[in-house]
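Here is the structure we will look at, set down as structure tokens.
Atoms considered below: every heavy atom in the structure, side chains included; atoms not considered: hydrogens, waters and symmetry mates.
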Amino acid sequence: HRDKKRDKEKVKEKEKAKEKERDQDKEKERNWDKEKERERDKERHRDKDKEKDQEKERHKDRERVRDKDRDRDRNKDREKIKEKEKEKDREEVDQNKEKYDVMKEGEKDREKIKDKEGEKDRREKGDKEKEKDEKKEKKEQEREKERDDKKKKEKRSRTPPRSYSSSRRSRSSSR
């Protein structure tokens with residue numbers, strides 16, 4: 001009777017051991033499945049991360065291209081503005097040059113007029129000076145003539161010169 005009981009217990013233990021082993025196998029299988037699932041998830045995540053990274057790179061590339069375009073446009077605008085300013089400066093310089101040329105021409109014209117007037121004045125002055133010189137000469141000649149005439153008159157009006165002897169007589173008598 002005891003042997004039967006022991007045999008039953010052994011059979012139960014064996015069954016428990018088999019059950020335990022089956023449970024462990026199932027657990028192992030579950031764990032292995034979970035591990036595989038984790039691996040698959042990791043792989044999926046890696047793929048997603050790669051896609052995200054690629055998308056980020058594409059986005060960055062687009063941004064760079066957009067920035068380059070914007071910079072190029074800005075540079076073009078700046079160059080256009082600079083060109084406009086240069087053109088304005090050129091026009092201003094041209095206008096100033098025209099004004100300067102007009103002023104110069106006006107000055108030249110004024111100088112020509114002044115020169116003509118100056119020549120006339122000089123001619124007139126020269127003529128006037130000549131006339132003055134001629135008048136002075138005439139006056140001088142007249143004065144000389146008058147002096148000469150006066151001298152001649154004085155000589156005539158004066159008593160004739162006394163002879164030496166008569167002058168001596170007069171002196172001696174006064175003594």
side-chain contact (heavy atoms from CB on, under 4.5 Å) for E57 and Q54? Distances and angles first, verdict last. CA-CA 5 Å; E57 276 300 313; Q54 286 175 347; 5.5 Å; no
Salt bridge (charged side-chain N to carboxylate O under 4.0 Å, His left out) between D67 and R70, worked out: CA-CA 5 Å; D67 289 347; R70 193 179 321 123; 3.1 Å; yes
With salt bridge (charged side-chain N to carboxylate O under 4.0 Å, His left out) as the test, would you mind laying out the steps for E55 and R62 before giving the verdict? CA-CA 10 Å; E55 187 59 37; R62 277 189 234 115; 3.6 Å; yes
As a quick check of understanding, evaluate salt bridge (charged side-chain N to carboxylate O under 4.0 Å, His left out) for K145 and E142, giving each step before the final call. CA-CA 5 Å; K145 210 174 191 181; E142 284 177 24; over 6 Å; no
Take K68 and V65 through the side-chain contact (heavy atoms from CB on, under 4.5 Å) test and state the conclusion after the steps. CA-CA 5 Å; K68 281 182 183 177; V65 168; 5.7 Å; no
Report the C-alpha distance between R30 and D33 in whole Å, list the side-chain angles of each, state the deciding distance to 0.1 Å, and finish with yes or no for salt bridge (charged side-chain N to carboxylate O under 4.0 Å, His left out). CA-CA 5 Å; R30 262 187 253 126; D33 284 346; over 6 Å; no
Stepwise side-chain contact (heavy atoms from CB on, under 4.5 Å) check, W32 with K28: CA-CA 6 Å; W32 190 76; K28 275 182 183 176; 5.9 Å; no
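Residue R143 holds its CZ atom at 10.0 Å from NZ of K136, rounded to the nearest 0.5 Å. Once rounded to the nearest 0.5 Å, the distance linking NZ of K132 with NZ of K139 reads 11.0 Å. Taking NZ from K14 and CD from E21, the interatomic distance works out to 12.5 Å, rounded to the nearest 0.5 Å. Expressed to the nearest 0.5 Å, how far CG of D41 lies from NZ of K48 amounts to 9.0 Å. Separating the CD atom in Q95 from the CD atom in E92 is a distance of 7.0 Å, to the nearest 0.5 Å. Between R22 atom CZ and E29 atom CD the span is 13.5 Å, to the nearest 0.5 Å.
The only option from R44, H45, E43 that meets the side-chain contact (heavy atoms from CB on, under 4.5 Å) definition with D47 turns out to be E43.
Residues R64 and D61 meet the side-chain proximity criterion, which asks for heavy atoms closer than 4.5 Å. Inter-residue side-chain proximity for E63 and R66 is flagged as met; some heavy-atom pair is nearer than 4.5 Å. Looking only at side-chain heavy atoms (C-beta outward), E87 and E83 stay at 4.5 Å or farther from each other.
In summary, D3 and R6 engage in a salt bridge, as defined by a charged side-chain N under 4.0 Å from a carboxylate O. The existence of a salt bridge linking R38 and E35 is confirmed by a sub-4.0 Å separation between a basic side-chain nitrogen and an acidic carboxylate oxygen.
No side-chain donor from either of R72 and N75 sits under 3.5 Å from a side-chain acceptor of the other.
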